[in-house]
Amino acid sequence: KSPEELVQQLGDAKFVNRQLASEELTRRGLAALEAVRKGTESSDGEIRYRSRSVLRAIRHLERERLINAFIAGLEVEAAEELPGWNDFQRLAGESEQDRSLYVQILESEWAFLDAVYQSDRTLASSLLSNRCQTLKAMQNRKPVTIGNLAAVLLVASREDVDLTNQTSLISLLYSNSDLDRAMRIGTYRVGLRNLLGAFIGKPTIDRTLVQRLNFSLRYNVPEGAVPA
């Protein structure tokens, strides 16, 4: 079957046929990418949902190639291939140090970012909350890295993310000594300050407002004056 036919099979009435189509499209990888992308815009909800899942699987398999191409400065379609790059360069910058920080983000949080940027925009807030809770639960066994924190800051800065229930994010930021050091003297301090500024400067009144203003004072980030 052609990739286009397999994408249509994602909406088959039988679960086994839908599953077989998902597996075959994933196996074909880049050869099926265009058809799968079109499937993400299907009017059929099941095709749309499964196409997004397959797209993430294919992109994950291509993760190392894309990261290496980005590091090497090769042509990569940022909006389509690198999750969050357009937002990152707009908010944090695109200097050599900023690009290096973005690589840290990809190496730490590719799956999370890809889920956010390939899913319905309405899911971004819950995806962020769930990821922060997971990182918080794991931090005693596995250190939370600058890449992890920069990734959640990037997503938290999006206009479609509601900060009302993002208490785990605040806790992660407050408790991480590496972030505190990186914000003051680290290689990535400019990009991190810009991401933090975008986060704390969101013009929303919610339960994170006081903590965001505290971050503004701690790191002398003037964007904190906006919500104040």
Is there side-chain contact between Gln118 and Ser53, with at least one heavy-atom pair below 4.5 Å?
-> no
What are the two closest non-hydrogen atoms of Val36 and Ser51, and how far apart are they?
-> CG1-O, 3.3 Å
Find out whether Leu153 and Leu173 are in side-chain contact, i.e. whether some heavy atom of one side chain is under 4.5 Å from a heavy atom of the other.
-> yes
So, Ser42 and Asp44: side-chain donor and acceptor under 3.5 Å apart, yes or no?
-> no
Note: Glu46-Arg18 ion pair, threshold 4.0 Å (strictly below) = yes
Check whether any side-chain N or O of Lys38 sits under 3.5 Å from a backbone N or O of Leu33 as a donor-acceptor pair, and report yes or no.
-> no
Asn194 side chain to Gly191 backbone, donor-acceptor under 3.5 Å = no
Please answer whether the main-chain N or O of Glu107 pairs with a side-chain N or O of Arg63 as donor and acceptor at a distance below 3.5 Å.
-> yes
For Ala198 and Leu91, which heavy atoms make the closest approach, and how far apart are they?
-> CB-CD2, 3.8 Å
Stepwise, does the salt bridge (Lys or Arg N to Asp or Glu O under 4.0 Å) test hold for Arg37 with Glu34?
-> CA-CA 5 Å; Arg37 280 194 175 128; Glu34 184 178 352; over 6 Å; no
Taking all heavy atoms of Thr26 and all of Ala57, pick out the closest pair and write down the distance.
-> CG2-CB, 3.9 Å
Should Val7 and Leu20 be counted in the same cluster of Ile, Leu, Val, Met, Phe, Trp and Tyr side chains packed under 4.5 Å apart?
-> no
Taking the side chain as every heavy atom from C-beta outward, state whether Lys136 and Ser171 have any pair of such atoms under 4.5 Å apart.
-> yes
Minimum heavy-atom distance Ala150-Leu192, with the two atoms named = CB-CD2, 4.0 Å
At what distance, to the nearest 0.5 angstrom, does CG of Leu61 lie from CZ of Arg56?
-> 13.5 Å
Pair Phe215 and Phe199, ring centroids less than 6.0 Å apart = no
Relative to each other, are the rings of Tyr102 and Trp85 parallel, tilted or perpendicular (30° and 60° limits)?
-> tilted
Check the hydrophobic clustering (I, L, V, M, F, W, Y; side-chain heavy atoms under 4.5 Å; chains of links allowed) and say if Ile58 and Leu66 are grouped together.
-> no
Do Gln8 and Ile47 come close enough that some side-chain heavy atom pair is under 4.5 Å?
-> yes
For residues 85-94, pull every pair meeting salt bridge (charged side-chain N to carboxylate O under 4.0 Å, His left out), keeping only residues two or more places apart or in separate chains.
-> Asp87-Arg90
Distance from Arg218 atom CZ to Leu213 atom CG, nearest 0.5 Å?
-> 13.0 Å
For residues 182-196, which residue pairs qualify under salt bridge (charged side-chain N to carboxylate O under 4.0 Å, His left out), counting only residues two or more places apart or in two chains?
-> Asp180-Arg184
For Tyr49, does the OH atom have more than 12 heavy-atom neighbours from other residues, nucleotides or ligands under 6.0 Å away?
-> no
Kindly indicate, with the supporting measurements, whether the criterion salt bridge (Lys or Arg N to Asp or Glu O under 4.0 Å) is fulfilled by Glu23 and Arg27.
-> CA-CA 6 Å; Glu23 293 172 0; Arg27 187 190 69 78; over 6 Å; no
Asn17 side-chain N/O to Lys14 backbone N/O, donor-acceptor pair under 3.5 Å | no
Identify the two heavy atoms, one from Ala124 and one from Val161, that lie closest to each other, and give their separation to 0.1 Å.
-> CB-CG2, 3.8 Å
Stepwise, does the side-chain contact (heavy atoms from CB on, under 4.5 Å) test hold for Leu196 with Leu179?
-> CA-CA 11 Å; Leu196 185 64; Leu179 176 65; 6.0 Å; no
Are Leu195 and Leu127 linked, directly or through other ILVMFWY residues, by side chains that come within less than 4.5 angstrom of each other?
-> yes
Path from Leu55 to Val116 over hydrophobic side-chain contacts below 4.5 Å = no
Qualifying salt bridge (charged side-chain N to carboxylate O under 4.0 Å, His left out) pairs with a residue from residues 119-133, counting only residues at least two apart or across chains = Arg52-Asp120, Glu109-Arg131, Arg121-Asp160
Look only at the side chain of Ser129 and the backbone of Ser125, and say whether a donor-acceptor pair between them is shorter than 3.5 Å.
-> no
Roughly how far, to the nearest 0.5 Å, is CG of Asp178 from CG of Asn148?
-> 10.5 Å
With side-chain contact (heavy atoms from CB on, under 4.5 Å) as the test, would you mind laying out the steps for Gln97 and Val190 before giving the verdict?
-> CA-CA 8 Å; Gln97 291 80 11; Val190 174; over 6 Å; no
Passing candidate, side chain to side chain donor-acceptor pair (under 3.5 Å) with Gln9, options Glu4, Glu24, Gln19, Lys1 | Lys1
Begin from the C-alpha positions of Leu10 and Leu25 and carry the test side-chain contact (heavy atoms from CB on, under 4.5 Å) through to its verdict.
-> CA-CA 10 Å; Leu10 294 174; Leu25 286 166; 3.9 Å; yes
Counting distance only, does the side-chain N/O of Ser126 pair as donor-acceptor with the main-chain N or O of Leu123 below 3.5 Å?
-> yes
Kindly say whether Glu96 contributes a backbone atom to a donor-acceptor pair with the side chain of Ser100 at under 3.5 angstrom?
-> no
If you measure only the distance, is there a donor-acceptor pair under 3.5 Å linking the side chains of Asp98 and Tyr188?
-> no
To the nearest 0.5 Å, atom CD1 of Ile67 lies from atom CG of Leu82 at 8.5 Å
Quick one: CG on Leu209 to CD1 on Ile170, what's the gap to the nearest 0.5 Å?
-> 10.0 Å
So, Arg99 side chain and Phe70 main chain: donor-acceptor pair closer than 3.5 Å or not?
-> yes
Counting N and O atoms only, with roles assigned by atom type, does the side chain of Ser168 sit under 3.5 Å from a partner on the main chain of Cys132, one being a donor and the other an acceptor?
-> no
Under the 3.5 angstrom rule, does the side chain of Arg212 hit a backbone N or O of Lys202 as a donor-acceptor pair?
-> yes
Please round to the nearest 0.5 Å and tell me the distance separating atom CG of Leu172 and atom CD of Gln166.
-> 10.5 Å
Shared hydrophobic cluster for Leu169 and Met183 (ILVMFWY, side-chain gaps under 4.5 Å) = yes
For Ala31 and Pro3 the tightest heavy-atom approach is O-CG, 4.0 Å
